[in-house]
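Following: one structure in structure tokens, then a few remarks.
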Amino acid sequence: MEAGQVTQPVPSAIGDRLKESMRQRPWLGAVGVIVVIFLALVVSKGLHDVAQTGVNGLSLGAIYALGAVGLTLVYGILRLVNFAHGDFLTFGAYMAYLVNVTWGLPLVVAVFWAMIATAVLGLLFERVLWGPMRAKHAGFLQLILMSLGLAFVLRAVFTWFWGTEVRVLDVNVTSTVEFLGLRIGQTQLIVVIVGVGVLIAVGLMLRLTTLGKRMRALSDDLELAETAGIDTRRVINYTWIFAGALAGLAGVLAASVTDLYPELGFELLLPIFAAVILGGIGDAFGALAAGLLIGVMTEWSTLVIDARWKTGVGFVVLVLALIIRPQGIFGKAKAI
Amino acid sequence: MTTLAVTFSSLTDADFWVSVLVLAGIYAIVALGLQLNTGFTGIVNFGMAAFMAIGAYTMAILVVKAGFSFWLSLPCAMAASMTFGVLVGIPSLRLRADYFAIATIAMAEVVRLIAQNARGLTGGNQGLFCDINNPSNCYTNTWNDLSDSINNFISNNIWSDPPSLLPLLIVIWVTLGIGTFVLMRLQRAPWGRVLRAIREDEDAAQALGKNTLRFKLQSLAIAALLGSLAGFFLALDLRTVHPLDFEPLVTFFAFSVLILGGLGSYPGVAVGSILFWFVLEGTRFIELPDPPFTETRIAAVRLAITGLLLIGLMAFRPQGLFGKRQEMVLGE
């Protein structure tokens, strides 16, 4: 080799190109992993079982994703790790119970009432708690502990009015639908359709409407958005309405496929956090995808391990995501 | 309107107050670890329940299943808890404070899930407890004998009829006193000053050549040690080791104790814990009419009090009772 010659690293064709594209589009890696898991499961357990558990996973995942969108926007925009978000879900579910069971009105009415009531609740706490605390320049620990206190108060209110006993909404849990050889519960099918439908609508709204763009802009950089002339206060209010309504809906869906009890939302909170972190904090699309992914993975896990371990899947995904890619599968590497 | 009556009979009940002080002592030990982590190192540890669980389960399993002596099982369990703390800390302490908080609560839930489901080892949802048919297989035996001899000594020399939990109370509060003393000394040593430097500005501490991850790991390991001690005491107090005793709520209650006492004050932890548990348990003496105050509703009121306490303190006095405002770095 002659002196002064600059040695160019020779790209070893496939390996480096794969690495490069992984760096550019990290979610490709995630898709690859899912495809591999899917194929492995189909080969070992058969398509029918994989599809059956996949449907269960989609209904669970839709609930996670609906909860995660609101949580991630609030987290991204307000830097608030809202531990009371799970109890927003429970609140929505109890509101639906009130309308659907206590007053005997149809579930559709109950769903809308739950969404409105939870949105109002979100707005209310913004007015009396989070807004004033931001004005005081409260630190992150102050906010996190305050949200924890709020979660306790909400759970205490549920327990006061509805006790600790397990309740069910007035939904049809027995009739099933045959579809391509799969036996799907009618309620579960509705949950999947409503959940995924609303998620697509949410995705389009965030992508296409001015409000959605403003929310994402605030989530990216609040001060920059303010400098750019966005009425941040208004967008923050809409974010709470949005987060509350989706949490309320997620709560009703969760109570329809399982049961309703005061800890319902808190038990969903950690997998929802997992979706938020896996999707990248503040990234609403990421939260959607990650929520569905974690739901499906949770149900698929029952094909391989005992079902009593399945709640661990969310935690494991959360811990792995934090260790390997804390910026989320869609996020760009930055200081975390 | 029904008037509220206070039952004075149990106000003078020594057994009751001793049990409250036992609980307060256990939570003060947990909060002491949180004070070191959150108050002085700036790492928000939401996983103390896991350290308690690992301490209590390791101790009980080693005694019951592996036939270890009680005294040998204690250092083993402490070591297990500290090792776990370091293993969890190495990847997660590099994260930002909010991510670390979520990572630790998830890790604590994984531990609880294992406790719940690894039935052969942990007894699952039954927990580990003394089997009446097989009392030799009981992790509390050694302690019970010791406790009895302490109480014999007390009844012969000091107090004719001591409460049965008095020996546990003494051991817990002596441990708490030693822990508080040692940590206060460490805080004034160079080591403690490095921790505070990390809390104030980790980059600056790093720029001064300090290996900040190592200091944070040491802080977490000490918290894990304190957590395992609290776990032993809880196991001896309740006489069972059960997954439900290590819910995230335990950590959150310890945080309430910490915040009430004040961030950045070690003696505040003990005072905060006594106040917290006297308020919560004291509500038992306000005799409320049964409808509407059922058992579950009173439990709900206690939870609401805790929540309102957290909200109120964070809004109006985030430094707690004894914390110093200038010592308080609550994250940016």
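First the proteins, then the strands, lettered A, B, ... as listed; each starts at 1. Every heavy atom of this structure was used, including side-chain atoms; hydrogens, water molecules and symmetry mates were not.
By the 30° and 60° cut-offs, the orientation of the rings of B/F84 relative to B/F51 is perpendicular. Using cut-offs of 30° and 60° on the angle between ring planes, the pair B/F252 and B/F46 is perpendicular.
Proximity to chain B (any heavy atom under 4.5 Å) is shown, for A/L143, by neither the backbone nor the side chain. Of the two parts of B/S92, neither the backbone nor the side chain holds a non-hydrogen atom closer than 4.5 Å to a non-hydrogen atom of chain A. Using a 4.5 Å cut-off between heavy atoms, A/F83 touches chain B through its side chain atoms alone. For A/L318, the part sitting under 4.5 Å from any heavy atom of chain B is the side chain, from C-beta outward, and nothing else. Both the backbone and the side chain of A/L145 have a heavy atom closer than 4.5 Å to some heavy atom of chain B. Only the side chain of A/L270 comes within contact range of chain B, with at least one heavy atom under 4.5 Å from a heavy atom of that chain. For chain A, no part of B/L313 is nearby; none of its heavy atoms comes within less than 4.5 Å.
For B/D98, the salt bridge (charged side-chain N to carboxylate O under 4.0 Å, His left out) partners at least two apart in sequence or on another chain are B/R96.
Within the structure, the side-chain hydrogen bond (donor to acceptor under 3.5 Å, both in side chains) test picks out the following pairs touching residues 148-159 of chain A (sequence neighbours left out): A/D87-A/R155. Within the structure, side-chain hydrogen bond (donor to acceptor under 3.5 Å, both in side chains) contacts touching residues 260-271 of chain A (residues at least two apart or in different chains) are A/Y261-A/E267.
Note that CG of B/L260 and CG of B/L310 are 9.5 Å apart. Values are rounded to the nearest 0.5 Å.
Within residues 300-311 of chain A, the residues having any heavy atom less than 4.5 Å from a heavy atom of chain B are, in residue-number order, A/R308, A/W309, A/T311.
In summary, the side chains of B/Y266 and B/Q35 do not present any donor paired with an acceptor at a separation below 3.5 Å, with no hydrogens or angles considered.
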